[in-house]
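Chain naming here is simple, since letters A, B, ... match the order of the sequence lines and numbering starts at 1 in each.
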Amino acid sequence: MTPTIRIQREDFDPAAEIAAMSAGRTDIGAVVSFSGLCRDEAGTLSALELEHYPGMAEAEIARVAAEAAARWPLMGLLAIHRHGLVRPGEQIVLVLAASAHRRAAFEAADFMMDYLKTRAPFWKREHRADGTLGGWVEARSEDDDAAQRWTI
Amino acid sequence: MTPTIRIQREDFDPAAEIAAMSAGRTDIGAVVSFSGLCRDEAGTLSALELEHYPGMAEAEIARVAAEAAARWPLMGLLAIHRHGLVRPGEQIVLVLAASAHRRAAFEAADFMMDYLKTRAPFWKREHRADGTLGGWVEARSEDDDAAQRWTI
Amino acid sequence: MSDTPQAQTDTRSVKLVYFAWVRERVGRPEETLAIPASLATVADLARWLKTRGEGYEAAFADETVVRAALDHVHAKPQAPLGDAREIAFFPPMTGG
Amino acid sequence: MSDTPQAQTDTRSVKLVYFAWVRERVGRPEETLAIPASLATVADLARWLKTRGEGYEAAFADETVVRAALDHVHAKPQAPLGDAREIAFFPPMTGG
């Protein structure tokens, strides 16, 4: 099982990715998908700008994916993370995990998201609806707490 | 937020359901989907036959969904469960949960699946690849254990 | 009711429905029966059904396995039957 | 190295890259610098950078906040620089 990692400016199609992961296979019992979307923060946000560290972003997500693949019996694992400007309602991140049984698929997807949040080198900055440039989004300590649920 | 519950013989399209749940909304930050698929059990299975208790199936899933909606701040919740004959590689069940933040979406989808497994009145019987009718699938004690992770 | 002498002859009509291997062993998917009004709980009813023949005996052989629902709501063995109109018996669920 | 007298004059060339508000405060996305070979750890390098001007001082004001990576791998403040060719400094990540 080779994880698929993509860092891209373009939007993506979760449906196509889900279909591709299970196409022609009859040993997969569970597919969990997580889609992270840009919220408009009650109308105050016009876009999120996602800066990333090219090279390290791919490498770090690949390391987290390899860790997930070592911990759970996965039949498919995919992570797509966008960079650049993302508008409210648009997708930012997609994680898919497939396994014979649901517990592995749920836990692997949950684990991937916790580690993407705290280890993948991406930084969000707000562009406000009033045309001004907002600040950099601050890391949330609850994200660190979430990642620490997993012993790695 | 009114949960959507569907019990049907026909297949379903997770992509369309995911799209419908977030269409035109800019307050959703996370969508988790779970797709349960029919495995071929290393080629020994030709189909699963799903018997259900009409009326109670809808009512019970609606109760579990209402419990999930009371526990997590959800912006969308959907469960589709098929009955009748399902072939290897085909979908059996779909759960979608949407929220502002990922933790609620993950937990609600996970909770829904644990309770669908142990409380929704569906019974699986195997149709074997050699043409014989297999036995009724036995309930797994680990499914009960999974459901008991949640205090309700 | 069960402590009055006439109670044992009182009956009431309920619809019983069966699923999966309970249905197969009983030999029918549903039936409407006049059950003794003295049956207080789900377990009382299951024990009474067991006396109705081999199929029922096989279905309810292990009383701790068969599950029940009263009017579409899960019910434990000790649950009172109340005025339930439709009573279901079935194996542990295996959906999802 | 740091205990030999000549070490302080030895230098080696590294590529430094900065992201998000660290990049903004430093005033550039990257630079190649000759750094003293005596700098043993990530924290040593951060403290040395802080002496290079106001922008650096602002970027590294709170040493416990800025994160680092050595050749694309996360590194703690006490991590030895080793022979890393590309050293990155950035705020806590907020992707996902």
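More than 12 heavy atoms of other residues, nucleotides or ligands lie within 6.0 Å of CZ in D:Arg52, so this atom counts as buried by the packing criterion. Heavy-atom neighbours of D:Glu54 CD from other residues, nucleotides or ligands within 6.0 Å: at or below the threshold of 12. Within a 6.0 Å sphere centred on CG of A:Asp130, other residues, nucleotides and ligands contribute more than 12 heavy atoms.
Atom CZ of D:Phe19 and atom CH2 of A:Trp136 lie 10.5 Å apart (nearest 0.5 Å).
Here the closest heavy-atom approach between residue D:Pro91 and residue A:Trp123 is recorded as O-NE1, 2.8 Å.
Counting heavy-atom pairs closer than 4.5 Å to chain D, the top-ranked of the candidates A:Ala120, A:Gly36, A:Ala59, A:Gly55 is A:Gly55.
Side-chain contact between A:His52 and D:Met93: absent, with no pair of heavy atoms (C-beta onward) separated by less than 4.5 Å.
At a 4.5 Å heavy-atom cutoff, A:Arg82 makes no contact with chain D through either its backbone or its side chain. Neither the backbone nor the side chain of A:His83 has a heavy atom closer than 4.5 Å to any heavy atom of chain D.
Contacts with chain A (heavy atom to heavy atom, under 4.5 Å) involve these residues of residues 71-82 of chain D, listed by number: D:His72, D:Val73, D:His74.
No side-chain donor-acceptor contact under 3.5 Å links D:Thr94 to the backbone of A:Glu138. With A:Lys124 contributing its side chain and D:Gly96 its backbone, the two residues share a donor-acceptor pair below 3.5 Å.
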Decide side-chain contact (heavy atoms from CB on, under 4.5 Å) for A:Met56 and D:Glu86; before the verdict, give the C-alpha distance in whole Å, the side-chain angles of both, and the deciding distance to 0.1 Å.
CA-CA 11 Å; A:Met56 178 170 171; D:Glu86 180 171 308; over 6 Å; no
